[in-house]
Amino acid sequence: MSSVDLISLRLMLNSLKQYWKKNLSLDFLQELDKKNEYPKKVIDDFYDPNILGVNYLLIPSEFGGIGGNNVAVYQLCEMLGRIDLGIATTAFATFLGCDPIRVGGTPEQNAKWMGRIAAEQMIVAYGATEADAGSDLLNLKTRAKRVEENGKITGYRITGNKQWISNGGVSDLYTILALAPGGASWFIVEKGTEGFSADKHEDKHGIRLSNTTGLALDDVYVPVDHLVGLVEGQGFVQAQAVFGYTRLMVAAMALGVGSEANETAIRYAQQRILAKGPLSEKMGYMHKLIVPHAVNLEAARCFIDRNSKRLDEINEGLQTEGAIAKYFTTEVADNCADDSIQALGGYGYTKDFSPEKLKRDIKIAKIYEGTSEILQMTIQRDRWQEHLKTKGGFYINMAREMDAVHAKNPDVGADSASLCLKGLSAILEVCRTERLTRHQHVTFKIGDLIAKAEVSHSFVIAASQDKLFEGVRFDKETYQAMARVNARETAFNVILDGIKLVTGAGNVDAHALAAQTNLIQIIQKQQQITADMDLLSVKLCEIFNAR
Amino acid sequence: MEIISLIKQVPDSTRVKVDPVTGTLIRAGVPSILNPYDHFALEQAIKLKKEHNAKLTVLSMGPPQAEEVVRLALSLGADRGILLSDRAFAGSDTWATSYTLAQAIRKIGKFDLILAGMMAIDGDTAQTGPGVAQQLRLPQITFCNELKVEGKKLIAKKLIEGGHEIVECIMPVLCTMIMPHEYHPSYPSFMSIYKAQVEKPAELWSLKNIDAEIKLLGLEGSPTRVDKIYPPVSKEKGTMYNGSPSEMVEILIQILKEEEVI
């Protein structure tokens with residue numbers, strides 16, 4: 001149960017939106033971007049409990065925060081992403097910085113530090129990455145040496161360098177990952193501690209207002225009670241434990257960026273007259289640059305929503321779903337931002353319109369908190385185990401679920417989703433018998449296919465419900481058309497790509513595999529997709545009208 | 001001192017379109033907001049509350065989802081929030097709404113000052129505030145933009161054509177508020193919203209909570225009959241020009257010359 005009810009959440013998001021509209025114009029944000037400047041006044045307002053106090057949603061209520069659940073936090077992240085991914089990153093980095101304490105800290109450490117973070121409106125940074133330790137954190141070089149008095153550990157002296165640290169130069173508190181004699185461990189380091197300093201703010205491609213620096217730790221002393229959990233060697237476990245939801249939240253931020261780009265293009269398309277009519281009435285334009293992205297973003301939203309709700313129920317885990325959400329959404333949002341530039345033509349290529357900045361900003365979402373490639377690998381690795389454990393039953397069971405949905409509701413694309421999942425299972429089986437996962441390319445690509453198939457499965461389920469979830473802005477007819485388009489496209493792409501993949505990597509009879517994966521049936525399911533896309537063109541313009 | 005602030009949830013009319021065929025509002029995707037005039041009146045009420053250590057109750061009538069504006073008011077600083085919601089109230093015109101609100105105010109009991117927005121931006125009638133005053137046999141000062149309380153006396157600055165009047169009145173009194181031209185409403189912080197949720201739950205009142213005659217409520221109690229709703233015929237379309245400022249200035253000068261303005 002969240003401590004924040006739906007009305008409160010709506011009011012909070014509205015307060016944030018009103019602040020955005022009043023204070024954070026595109027010109028203002030572009031100016032900060034141009035100057036590579038951190039907006040201290042804005043961030044102070046974001047942390048001030050009397051102005052916005054956005055961070056309090058992320059702090060548990062027992063420590064003086066509000067303690068929003070995952071559903072509340074993802075909706076906040078989406079809105080922050082819409083406003084500015086740099087600001088979102090700044091706010092989120094505090095959250096991430098607190099995580100080692102929240103997850104691994106003792107109750108006393110939590111009370112002390114989370115209490116101070118709330119009371120003192122602290123900005124926090126998460127210090128894990130190093131020059132040779134990014135995706136491969138095991139290469140960690142920063143060392144924490146024990147300081148002992150009379151045979152008792154009294155503190156640690158930390159030496160090393162951190163890199164690409166969000167909020168690195170502006171934080172009040174840092175959680176630093178270092179290698180102690182007992183293994184990787186998190187340490188709490190306060191700003192101004194002797195020997196601890198931040199480097200210059202990086203000159204980045206996007207999210208330029210988000211402060212990013214290196215950190216230098218030169219024999220920095222911290223007392224023993226600054227070791228998170230008071231036990232050495234828990235660092236990696238603590239870092240891994242939160243990937244489920246941190247990645248869901250980054251996915252939500254990317255959803256915000258993508259949605260903003262897509263809606264900007266939809267509004268522009270209604271105003272730009274070309275050959276006597278608005279672009280929004282040009283089928284080729286809408287079907288290429290607008291509708292597919294709107295559908296994919298809605299698919300991403302439903303996957304994030306579904307798994308945030310699941311995570312609220314089970315409290316931890318869902319690392320694979322977190323990886324799928326982040327991988328899928330950030331790829332979709334990046335493609336969408338790219339096509340939004342295209343949709344605005346010359347205007348899109350200038351800094352006077354938002355897509356140019358959105359496109360630069362979104363790129364980081366495919367890199368931080370797990371690169372797309374690491375995530376593809378993670379997804380494949382986790383689901384491969386499921387496939388083996390269930391002797392191919394994992395996706396067959398999901399397909400059966402789709403068959404049941406289709407029997408009740410034939411309008412949501414469950415038939416296509418079922419074919420997709422069955423076909424995916426067949427492709428994975430060929431990978432097993434032909435030992436194709438020895439090719440890294442195959443593992444990456446399988447991660448991609450799995451992500452698409454599982455998102456589509458969620459979309460179909462959401463569209464088949466009597467009531468659409470909070471956050472969906474479409475009527476049921478439109479939403480179901482979106483789910484249908486997504487299910488058909490996904491089935492086609494996953495199976496065709498899958499066949500190509502295994503044919504390319506192994507000794508496979510493509511003809512037989514095409515039959516086994518029901519390729520022709522999947523192609524036949526594409527009937528009416530054009531009519532659905534036409535309907536969506538009209539509906540998108542109605543909802544995101546240019547006024 | 002006891003203040004009652006009347007508020008209404010309305011569609012954000014800047015984003016509503018009218019269906020040309022049916023004449024009804026296309027509400028899809030249009031968010032609901034607190035009527036801006038009521039928002040301003042509420043902020044004045046909160047100011048008076050702080051200055052005079054008053055108790056502030058907000059009252060709204062509407063469908064269940066209107067709880068959101070009551071909660072907004074509570075988050076902004078109201079002490080008590082009541083939403084009147086019942087199928088029996090559905091279809092009320094300003095007459096029936098005034099009656100229903102007045103009956104709820106009678107139930108609330110003691111008050112010194114009632115504030116309401118001058119009008120709601122969905123109906124634009126400006127009748128409900130005065131209607132409530134009439135039902136309660138209260139003096140009313142309409143179109144106010146500044147209020148001051150001195151002891152038992154309320155001093156209001158009231159807008160009139162070509163200027164303003166300063167009106168004094170012994171409370172209780174009902175005032176309707178206009179809002180400044182450049183009005184930026186205040187919104188609550190996350191923490192205020194959360195605290196309001198925990199400490200000041202909105203009260204949902206139905207027909208049972210007030211003493212009212214059924215035949216004076218809802219559609220039955222509403223003498224107004226709407227004949228037809230239609231969007232005003234749009235005037236000739238404006239022309240858009242694109243280009244650099246200097247190019248557009250040149251175009252403008254050209255047009256002004258053609259029109260023989262210069």
Side-chain angles (χ1 to χ4, degrees), chain A residues 2-23 45-59 61 64-68 72 76 118 121 263 271-273 346-347 352 472-478 539-547, chain B residues 9 11-19 26-34 36 39 64-77 81 83 182-202 204 231 234 237-245:
Chain A
S2 176
S3 56
V4 178
D5 69 18
L6 213 59
I7 292 181
S8 286
L9 179 59
R10 273 192 224 140
L11 290 174
M12 287 172 186
L13 295 176
N14 186 50
S15 288
L16 178 57
K17 187 175 174 185
Q18 299 299 337
Y19 181 92
W20 170 24
K21 298 297 174 196
K22 190 173 161 195
N23 300 294
D45 286 353
F46 269 64
Y47 280 68
D48 187 334
N50 298 313
I51 299 177
L52 275 174
V54 165
N55 52 318
Y56 290 92
L57 190 67
L58 313 176
I59 299 172
S61 50
I66 297 172
L76 169 68
Q121 301 157 39
E263 289 161 28
Q271 291 169 307
R272 173 79 170 98
I273 308 295
Y347 297 111
D352 295 336
V472 174
R473 292 152 300 167
F474 304 101
D475 57 52
K476 208 163 174 180
E477 182 200 10
T478 311
K539 292 286 185 179
L540 285 167
C541 293
E542 262 178 39
I543 301 284
F544 307 114
N545 64 60
R547 276 183 67 186
Chain B
Q9 188 183 46
D12 187 351
S13 64
T14 53
R15 294 178 52 186
V16 174
K17 279 185 175 175
V18 176
D19 189 315
I26 302 173
R27 290 288 308 267
V30 178
S32 294
I33 58 168
L34 172 56
H39 203 140
Q65 57 267 32
E67 184 187 343
E68 194 167 323
V69 291
V70 175
R71 294 269 298 270
L72 172 62
L74 288 162
S75 306
L76 283 166
L83 173 67
E182 279 284 310
Y183 171 53
H184 296 291
S186 303
Y187 291 92
S189 73
F190 280 36
M191 210 36 130
S192 308
I193 295 164
Y194 177 59
K195 281 190 177 155
Q197 177 198 307
V198 175
E199 294 164 10
K200 301 182 281 191
L204 301 180
S234 59
K237 239 185 167 180
T239 314
M240 295 285 287
Y241 295 99
N242 292 317
S244 68

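Naming convention: chains lettered A, B, ... in sequence-line order (proteins, then strands); numbering from 1 in each chain.
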Relative to chain B, which segment of [X] carries a heavy atom at a distance below 4.5 Å: side chain, backbone, both, or neither?
X     : answer
A:L76 : side chain
A:N14 : side chain
A:I66 : both
A:F46 : neither
A:N50 : backbone

Measuring from [X]:[atom1] to [Y]:[atom2], what's the distance to the nearest 0.5 Å?
X      : Y      : atom1 : atom2 : result
A:L9   : B:Q197 : CG    : CD    : 10.0 Å
B:F190 : A:L58  : CZ    : CG    : 9.0 Å
B:E68  : A:R10  : CD    : CZ    : 5.0 Å

| message | So, applying side-chain contact (heavy atoms from CB on, under 4.5 Å) with A:L11, which one of B:I193, B:L74, B:V69 is it? | response | B:I193

What are the two closest non-hydrogen atoms of [X] and [Y], and how far apart are they?
X      : Y      : answer
B:M191 : A:Y56  : CE-CD2, 3.6 Å
A:S61  : B:Y194 : CB-OH, 3.6 Å
A:S15  : B:Y187 : OG-CB, 3.6 Å

| query | In terms of heavy-atom proximity below 4.5 Å to chain A, should B:S186 be classed as side chain, backbone, both, or neither? | reply | neither

| said: Using a 4.5 angstrom heavy-atom cutoff, name the option from B:K195, B:M240, B:R71 with the most pairs to chain A. | reply: B:R71

| A:P49 side chain near B:S189 side chain, heavy-atom distance below 4.5 Å | no

